[in-house]
Amino acid sequence: MMGMVCLMLKRLKRLFIYTEPEHKSEEFRFPEDPSESSKWGQFAGYEKKSRDEEKNNTNNDEEQAVSNIINTIKKSSQSFDYKEYQANQTNVYNKLSSILKTSQESSSYGENQSEKNDKNNKQENSDNYKSEPEDENSSIRILRPKRIEELVKNKNINKDSKIKRADEDGREHKNSVNIENNKKETENIRTIDITSDFKICESNEDNKDAKNSKNNKEDSNTGEKKNGGDAKNETDKNKKGIKLKYVSKSLDENIGFLESFYNIPVNKDLIIKKFNIAKRIPACLVYVDGMIDKLIVTQFALPQLMDEHAFRHYDFECDCPLDYIEKNVLTIHQMCRMNSYEEINPQIVSGLAVLFIDGCDECLVMESRGFERRGIAPPATETVINGPQEGFTETLRTNITQVRRIVKSENLITEFEFISKKNNFLCAIMYMEGIANPRIVEEVKRRVKNLDVDYISGSGMLEQLIEDKPYMIFPQIVSTERPDRAASFLMEGKVIIICEGTPFALAMPIVFFDLFHTSEESNLRWQYATFLRIIRLMGLLLATFLPGMYTALILFHQEMIPTSLLSSIVATRVNVPFPTLVEILLMEFSFELIREGGIRVPGVTGNTLGIIGALILGQAAVEAGLVSPILIIIVAVSGLGSFSIPNYSLSLAIRIIRISFIIFGQIAGFFGISVAFTILCAFALSMKSFGVPFFSPVAPATRSNADKVVRAPYYEHVWRPDWLNTQDERRMGDKARGWKPDIGGAQR
Amino acid sequence: MQKEGNFGYREAISMFVIAMTIKFFFSSPAAASKLVGTALWYMILISGLTAAFLFMFQYLLLKRFPNLSIMEIADNVLGKFFGSVLSLLCCVFFIFTASIDMREFVEVMKIFVLPESPPSFIMIIFSLSVVALSFMGLETIARFSKFIVYVLGAGFLAVILLSVSNFKIYRIFPILGYGLDRTIFTGIVRSSFFGTITVIGVFAASLHGPREIKRIGFSSILISGIVTSVSALSFVLTFPYTTAQELLSPMYAMASMVDLGGFLQRVEPIFLFLWNFGTFVEVTVLFYAAVMIYCHVFRISDKKPVILPMAILMYGMSLIPRSLNEVVNLWVHLLRQWGWIPYFLPSIFLLIVSKFRKKKGDINNA
């Protein structure tokens, strides 16, 4: 009874009288640093769990067992006796080793690094605890207590490492808590608990890291984790320049290679953003500044990669998280894995972001291009009245999309190829599978792949490199600025090449009539289209032959000119001091000069210069008696004729040919022109574009639709060009117009 | 076998039709008119029929040795030495014919178009086009023929149709000319007018087998016979036969007489181009055949180095005749009168020898 009274009094006394706690280490205090929040749980009455344990409840049994053991040791530590403590440690050792073996292996983010760290720790601790069984497994180290002197010694270093490496690794947050614990341990050895010991071991690792970070400040600033002396060696190696052909498993080696390959830090364009995936796995994102869309990197790549929550289902025991990241983490629409630097480097300089991860021998190439670009505008060189008003732009992807918008077919194949060695110029080879002749496709690819050129800046250069006969005056590849025309070429069975940075698509193989036709004719009724073509043919013939014919007539065949016209011509030429050849070449040169000047002078001024220049110059030349008025008409008409030629390259060719006809007309009249024409035909007719004769289907004669000069109604264009030997020869059925005419309608 | 590239029957027909008909635009009609008078137009048909008959032997020979050229057949049948001799004789004949045709053209050009230019200057320019076409090969020559056949056809039709106003039906009489027997005999003898078709034997390897050779050969003779006969008829209808015998180029003269209402007159420029392009093709075909034979005999695989020396040789041979008179009355007359021997006889001879010696080509090649 008295005993009960005494007990009650004691409890009453506790209620009213303050007594100091037995262990200062368990004294309640607000955490000074957010990273100490893990300690808060202890005082709030929760079971202390590591961050990983909180997130991954899959190994609850193991964790429970660990916490039980920790509690046991805590209790034993309250009445601390070093021998007793050592005995307890030995008892729990076997249990712990079996439980924590696997988890500890994966807890470190780099197998090699952890092993190296373990070895370092072992070496340090071996002097003090040689009696303990040595095992390579790092989990054994958890139970190793530290001597007070050592803990004190580590404390100051850990403080430095904490400052330098704050907010980088989750485990480092725990270290800062442990530093506080270590303070307590210096005062009272009994306050050591197993958790703090575990942390101390890690802080030792970090201690080493801190030393390394002193050696390599750049790496420590970006949170790069180095492993002892190896890191220093690797850094030195990087500076010397590592040559890698394939992606290394070591992130440091990859970074070293990239730095030497891209001349970093001399080259300021390339960014190597180092970070930790899920705050654990070192990685880096490599891209060229200005070439990427920063939004993609800052909103869709880095946040997801750094977020631990995104990796809650990831098993960190896996060697390489690339697969997981590709499938579960990144929301970027287009990614692919590569391992060869030959493939990776062109992607980087093309504006793609590349993710390298420590421990992975592959990298992830992410579509992130986002440089400044021009919007879609009407084509400047192929304007039409009736038809689409969209032209290609300088952006390859946009151009391909424009074609795909017209050819919505699964058979449209787009292959990419880098065509220059130094500037990694990308082009897309497009063709219709099942229509295009495979031999033509192979030939185009063969030519493109076998280029050995440092620099290509556009389709014009590429055209010169892959054409059959560079010394022929006629173009052998047609370039178009119009997506609808490119699409029609594809559907005919031709191959299209679109180059980045050029608003033109190259189509091949071609014949003369591809240079002569325009896309507008397809959108017009056949009568109008035929009329336009006849006008254009007249323009072509006038542009080619008229000045030469005039020269021949004036010099050799005066009897063929009607008398009245002849007298008029003679009267106007009386005051002209030059021979006909000089006169006509002078005017041709002036005309070309005005045209060239008009093109080079920008905007409206150029057009004005062209018109005013021609008028004033022509008028002044006539008044000065330098040329005859009839010659002004001849040159103007031939100039207009050359303007009617739809293809710029063909127009230029005709302008050059015209001069040769003038010279031959001067030499031998119509006979000379005949000879010049024969020589021209000899060259042109022997010309082939990717194996296709240039004047097909006329010479050689092959099957064709009525679509050369006279254009038949569209539904009669049944066949694809025979000279292409397409896989699918027909482009429409026997009855393209399935409906019967004269049936139905308002009046039956 | 030397690879020359293949060409289709349309190209081949165009080439041979141009090569055969173009001769009619020079002095031949006048010369023939002297022999048969108003019966010229059907005499040409008789010549065509004779040429077709003689060509049949060449076809049979080429059928017997499928996909072989006439030079290879000669080597096969006669042996390398005699075969080469026969081939070289053909080569000399072709190059000589080409040079005479070129000279005839140059003389006519000098009279009508370029009176102040020396013949050598015109011949050099002419040779330029022949060399250019030959450099590009047989395929290009055939394509060029196909390319311009439309132009020539249109020009020819234009000249004929525009001359209709000058036609006088009574000029066709006496319809039998100087007598039917004379007409038939002259027609048979002058079958050399269509003798150019035998060049098909030289180009046989570039054509698609004996069936196509048959088609090309007979079609070409038929088409050129019709075209030439129509030209001859229009020529007979336009000019009295006594006048026609004096004209150097009756077709050119016919074109220059065109005068429709005062606004369409003097269309000879059209004819001039027709003249030029046709002659380029004819001379080039013969010239290239000679080059091919020469290269075959001496086993020269690349013809390009041979072309320029051979062109110089042709140029030199064309300078042999001293005047237009010598060209027309001696050489052209000789070629038309006796040309059938070098054109057709070698094939007949080879066919007979091959029958006797029982030589045959590989039928599987056909």
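Proteins get letters first, then strands, A, B, ... in listed order; numbering begins at 1 in each. Keep in mind it's a predicted model, so treat the numbers as computed, not measured.
Interface remark: of the candidates B:V130, B:V131, B:L133, B:L133 forms the most heavy-atom pairs closer than 4.5 Å to chain A. Contact tally against chain B (heavy-atom pairs below 4.5 Å) for A:A682, A:A668, A:P693: the top residue is A:A682.
Other residues, nucleotides and ligands place more than 12 heavy atoms under 6.0 Å from the CD atom of A:Q527. The local environment of CZ in A:R439 is sparse, with at most 12 non-hydrogen atoms from other residues, nucleotides or ligands closer than 6.0 Å. Counting non-hydrogen atoms of other residues, nucleotides and ligands closer than 6.0 Å to NZ of A:K708 gives a total above 12. Residue A:R730 qualifies as enclosed at atom CZ: its count of foreign heavy atoms under 6.0 Å is above 12. Residue-environment remark: CZ (A:R447) exceeds the threshold of 12 foreign heavy atoms within 6.0 Å.
The distance from atom OG of B:S117 to atom CD1 of A:I667, rounded to the nearest 0.5 Å, is 10.5 Å. Between atom CZ of residue A:F671 and atom CD1 of residue B:I125 there is a gap of 6.0 Å, rounded to the nearest 0.5 Å. Atom CZ of B:R143 and atom SG of A:C681 lie 12.5 Å apart (nearest 0.5 Å). From B:I148, atom CD1 reaches atom OG1 of A:T678 across 7.0 Å, with rounding to the nearest 0.5 Å. Here CZ of B:F280 is found 5.5 Å from OG of A:S674. Values are rounded to the nearest 0.5 Å.
Side-chain atoms of B:L272 and A:H557, non-hydrogen and from C-beta on, do get closer than 4.5 Å to each other. Here the side chains of A:P700 and B:F7 are not in contact, with every heavy-atom distance at 4.5 Å or above. Between B:Y150 and A:V698 there is a side-chain heavy-atom pair separated by less than 4.5 Å.
Proximity to chain A involves both the backbone and the side chain of B:F147, based on heavy atoms less than 4.5 angstrom apart. Neither the backbone nor the side chain of B:I141 has a heavy atom closer than 4.5 Å to any heavy atom of chain A. Interface residue B:F105: only side-chain heavy atoms are found under 4.5 Å from chain A.
Not one N or O on the side chain of B:E11 forms a donor-acceptor pair closer than 3.5 Å with the backbone of A:A699.
Between A:F677 and B:F273, the distance separating the two ring centers is not shorter than 6.0 angstrom. A centroid separation of 6.0 Å or more is found between the aromatic rings of A:F683 and B:F135.
Heavy-atom neighbours of chain A within the stretch residues 107-115 of chain B, taken at a separation under 4.5 angstrom, comprise B:M109, B:V113, B:L114.
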